[in-house]
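Just below is one structure, and these are the notes that go with it.
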Amino acid sequence: MNRVITLGEFIISRQGDFPYAKGELSSLLSAIRLAAKVVNREVNRAGLSIDILGSAHNHNIQGEEQQKLDVYADEQFMASLMARGEVCGMASEENENFISFDTPLARSGKYVVLIDPLDGSSNIDVNVSIGTIFSVYRRISPIGQLASLEDFMQPGTEQVAAGYIIYGSSTMLVYSTGYGVHGFTLDPSIGTFFLSHPHIRIPELGCIYSVNEGNYMGFDSPVQDYINYCRSHDNDHEKPYSSRYIGSLVADFHRNLLKGGIYMYPATTKDPNGKLRLLYECNPLAFIAEQAGGAASTGYERILDINPKTLHQRVPFFVGSKDMVERISSMMKK
Ligand code: P6P
């Protein structure tokens with residue numbers, strides 16, 4: 001009997017990819033799946049639940065006003081990950097410091113998770129797609145002890161898994177454990193994710209560029225030159241690219257992953273390191289992009305090669321179709 005397999009069945013079927021893991025990574029991914037369903041329920045009814053819309057009237061480490069759903073999502077992913085015992089700690093956009101899970105079970109956890117629990121949350125009140133982005137590393141600190149900062153400060157090449165959930169017209173979980181990128185769509189009627197996009201590959205050359213053109217005057221000239229290349233008739237498509245920018249990273253990234261394109265958040269005069277965070281936004285999406293045949297760069301170096309300096313470090317971010325990222329990187333290096 002032919003039927004589409006579920007996320008749970010897929011995770012178990014790929015367990016063999018990790019002989020050392022003996023199911024812990026599977027259990028971790030299942031914890032993310034559970035939290036995704038719980039957050040999805042609240043996101044989908046955000047307009048109805050008076051107490052969940054709007055601001056939480058406090059600010060996160062970034063100085064950004066926290067939306068109530070941000071805080072809710074952070075709590076749900078933390079609770080789900082802590083309950084399983086595979087994860088010894090979590091770092092999140094919503095918390096200044098990483099959090100060690102101080103339970104006997106969690107202390108023996110082999111992994112740490114870094115997460116942006118609800119990226120693009122300023123779009124919640126206007127019903128624009130938003131997302132969760134997550135990154136998984138094997139811990140460096142000794143098993144049995146509390147997680148330490150070094151566990152979280154690893155280059156992106158050390159990720160054992162990464163992915164995102166997009167809460168859009170449908171809810172999808174897209175992830176990779178280093179063996180390709182696979183997308184699962186939630187059937188809300190039964191609360192199950194089904195494999196809908198196996199082996200996602202990003203077209204090497206796309207004709208979509210995603211950037212906040214309102215910042216154009218603050219971009220370095222090579223970035224301005226590239227944007228003008230995209231807009232011109234004498235680019236590699238011999239017609240202007242399409243400009244698509246939703247202001248929600250996961251939504252822009254997901255569209256470009258499936259159709260081909262480049263997402264850019266360059267350095268500006270106001271933000272010399274750009275806006276996006278290396279550890280829980282750029283690294284996981286760079287991992288996914290490369291696993292799908294794409295690329296991710298600061299314009300000068302591969303995102304995954306960066307040795308992190310601080311937990312909430314920002315970097316300029318160019319990610320998507322390989323040829324497009326390589327073109328702008330070569331223009332910036334001249
Ligand atoms: P701007 C949302 O705050 C976010 O982190 C990404 O989701 C999004 O792509 C970007 O910032 C939008 O930033 O400065 O263009 O509004």
Side-chain angles (χ1 to χ4, degrees), residues 39 43 46 54-56 58-71 73-74 91-95 114-135 162-168 171-172 174 208-220 223-224 226-227 230 242-257 259 261-286 288-289 294 296-299 303 311-320 324-325:
V39 170
V43 166
S55 165
N58 52 26
H59 293 73
N60 63 18
I61 168 71
Q62 326 298 336
E64 293 166 345
E65 186 170 53
Q66 282 183 306
Q67 301 292 321
K68 286 180 182 173
L69 260 178
D70 275 324
V71 176
D74 189 52
S92 159
E93 181 188 77
E94 302 309 322
N95 304 302
L114 296 100
I115 189 166
D116 183 351
L118 211 54
D119 179 79
S121 53
S122 56
N123 292 299
I124 294 168
D125 293 3
V126 293
N127 208 16
V128 165
S129 300
I130 52 183
T132 297
I133 311 170
F134 64 89
S135 174
Y164 59 87
I165 298 103
I166 177 168
Y167 310 98
T171 294
M172 278 190 70
V174 177
I208 295 172
Y209 72 103
S210 306
V211 66
N212 183 342
E213 304 213 33
N215 296 329
Y216 179 87
M217 299 309 284
F219 292 151
D220 292 339
V223 177
Q224 293 177 337
Y226 181 71
I227 291 173
C230 295
S242 296
S243 173
R244 294 284 185 274
Y245 190 71
I246 299 174
S248 186
L249 169 60
V250 172
D252 280 318
F253 177 86
H254 183 69
R255 179 203 52 246
N256 294 353
L257 181 71
K259 295 191 165 201
I262 185 169
Y263 172 96
M264 300 178 272
Y265 209 102
T268 64
T269 38
K270 181 170 72 73
D271 297 309
N273 292 314
K275 174 180 182 182
L276 300 180
R277 294 78 164 184
L278 171 62
L279 290 180
Y280 41 80
E281 291 174 334
C282 301
N283 266 340
L285 296 184
I288 293 287
S297 167
T298 63
I303 291 285
L311 202 55
H312 300 285
Q313 170 178 353
R314 299 173 194 264
V315 292
F317 193 40
F318 301 86
V319 63
M324 302 174 87
V325 174

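For ligands, and for the atoms within them, numbers begin at 1 and follow the listed sequence.
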Check whether any side-chain N or O of H312 sits under 3.5 Å from a backbone N or O of N95 as a donor-acceptor pair, and report yes or no. yes

With side chains defined as the heavy atoms from C-beta onward, is the minimum distance between V223 and F318 less than 4.5 Å? yes

Considering distance alone, does some N or O of Y263 sit under 3.5 Å from an N or O of ligand 1? yes

Contact between V319 and C282 at the side-chain level, heavy atoms closer than 4.5 Å - yes or no? no

A student comparing F253, Y265, F317 should find that the heavy atom closest to atom 1 (P) of ligand 1 comes from Y265

With a 4.0 Å cut-off on heavy atoms, is S248 touching ligand 1? yes

Those atoms of ligand 1 less than 4.0 Å from some heavy atom in L276: 5 (O)

Determine whether the side chain, the backbone, both or neither of N212 has a heavy atom under 4.0 Å from any heavy atom of ligand 1. side chain

Taking the side chain as C-beta and beyond, is there a heavy-atom pair between T298 and I303 under 4.5 Å? yes

Describe, in one word, how the ring planes of H254 and Y164 are oriented to each other, choosing from parallel (under 30°), tilted (30 to 60°) and perpendicular (over 60°). perpendicular

For ligand 1, is D119 a contact, meaning one of its heavy atoms is under 4.0 Å away? yes

Within the side chain of N123, is there an N or O that forms a donor-acceptor pair under 3.5 Å with the backbone of G247? yes

Element-labelled atoms of ligand 1 that are located less than 4.0 Å from some non-hydrogen atom of Y245: 1 (P), 9 (O), 10 (C), 12 (C), 13 (O), 15 (O)

Numbering as shown, the atoms of ligand 1 that approach L249 to under 4.0 Å (heavy-atom distance): 6 (C), 7 (O), 8 (C), 9 (O)

